[in-house]
Amino acid sequence: VQLQAFGGGLVQAGGCLRLSCAASPDLSRFAIMGWYRQAPGKQREPVALISSMDSTEYVDSVKGRFTISRDNARNTVDLQMNSLKPEDTAVYFCYAYQRGTYWGQGTQVTVSS
């Protein structure tokens, strides 16, 4: 199992970024996928999760701004992040669960004020 994250970067407050997580060998095997983030000096926290049935959950601080989706044909899970705030600055990690937990490498998201 391999998870590879793409799409981090530097953006001004109010801007947007799209993160993608490419899963191999097969996205459909995972019951839950999503994104966590870890800001400096803070614990890693779940940001958005999506099940194999496409039910979603979001941390309260991103509701209405972030959207998670999964594309089984492309084997990707995407996180569209709009109206970014400086407090969204963190390293974002792709996450997957199916009889075990899997993590991708982190990708840095920096939102300047």
Side-chain angles (χ1 to χ4, degrees):
V1 173
Q2 191 171 24
L3 303 175
Q4 191 168 8
F6 302 92
L10 172 65
V11 65
Q12 288 189 329
C16 59
L17 283 173
R18 187 176 184 89
L19 304 182
S20 288
C21 176
S24 62
D26 186 0
L27 181 69
S28 63
R29 69 170 52 195
F30 298 113
I32 299 172
M33 296 195 69
W35 293 90
Y36 279 61
R37 68 185 178 188
Q38 187 166 19
K42 295 188 176 181
Q43 289 189 331
R44 190 175 297 190
E45 66 169 355
V47 176
L49 301 173
I50 186 167
S51 75
S52 58
M53 302 301 290
D54 284 339
S55 63
T56 58
E57 292 185 9
Y58 298 91
V59 66
D60 285 347
S61 61
V62 309
K63 286 180 180 177
R65 300 188 297 121
F66 290 11
T67 302
I68 189 170
S69 59
R70 59 192 288 167
D71 186 332
N72 289 335
R74 293 172 52 235
N75 281 332
T76 61
V77 172
D78 298 329
L79 185 67
Q80 179 65 41
M81 305 185 294
N82 298 331
S83 301
L84 283 160
K85 303 176 181 180
E87 50 264 43
D88 295 317
T89 294
V91 178
Y92 284 70
F93 296 88
C94 181
Y95 161 89
Y97 175 81
Q98 179 67 21
R99 292 198 296 266
T101 300
Y102 302 91
W103 295 97
Q105 90 285 8
T107 184
Q108 177 70 47
V109 172
T110 303
V111 184
S112 62
S113 57

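The first residue in the sequence is number 1, and the count goes up from there. Here the structure is a predicted model, which is why all the values come from computation and not from measurement.
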- Residue pair Asp88, Met81: steps toward the side chain to side chain contact (heavy atoms under 4.5 Å, CB included) verdict: CA-CA 9 Å; Asp88 295 317; Met81 305 185 294; over 6 Å; no
Can you name the closest pair of heavy atoms from [X] and [Y] and give their distance?
X: Cys94; Y: Met33; result: SG-CE, 4.4 Å
X: Gln105; Y: Gln4; result: OE1-CA, 3.6 Å
X: Ser20; Y: Asp78; result: OG-OD1, 2.7 Å
X: Ser61; Y: Arg37; result: OG-NH2, 3.3 Å
X: Leu79; Y: Ala48; result: CD1-CB, 3.9 Å
X: Thr89; Y: Val111; result: OG1-N, 2.9 Å

Decide whether [X] and [Y] are clustered together by the hydrophobic rule: side chain heavy atoms of Ile, Leu, Val, Met, Phe, Trp, Tyr closer than 4.5 Å, transitively.
X: Phe6; Y: Trp35; answer: no
X: Leu49; Y: Tyr102; answer: no
X: Trp103; Y: Ile32; answer: yes
X: Val91; Y: Leu3; answer: no
X: Phe93; Y: Val62; answer: no

- Would you call the rings of Phe66 and Tyr92 parallel, tilted or perpendicular if under 30° counts as parallel and over 60° as perpendicular? tilted
- Task: Fit a plane to each ring of Tyr95 and Tyr36, take the angle between them on a 0 to 90° scale, and name the class: parallel (under 30°), tilted (30 to 60°) or perpendicular (over 60°).
- Result: tilted
- Task: Before accepting this row, confirm whether a basic side-chain N of the pair Asp60/Lys63 lies closer than 4.0 Å to the acidic partner's carboxylate O.
- Result: yes
- Item | Backbone of Gly34 reached by a side-chain donor or acceptor of Arg70 within 3.5 Å | no
- Is there a side-chain contact between Phe30 and Val1, using heavy atoms and a 4.5 Å cut-off? yes
- Message: Would Asn82 and Gln80 count as a side-chain hydrogen bond (donor to acceptor under 3.5 Å, both in side chains) here? Give the steps.
- Response: CA-CA 6 Å; Asn82 298 331; Gln80 179 65 41; 2.9 Å; yes
- Task: Find the distance between CG (Asp71) and OG1 (Thr76) and round it off to the nearest 0.5 Å.
- Result: 4.5 Å
- Query: So does Glu57 have more than 12 non-hydrogen atoms from other groups sitting under 6.0 Å from CD?
  - Reply: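 It does not: Glu57 CD has 12 such atoms or fewer within range.
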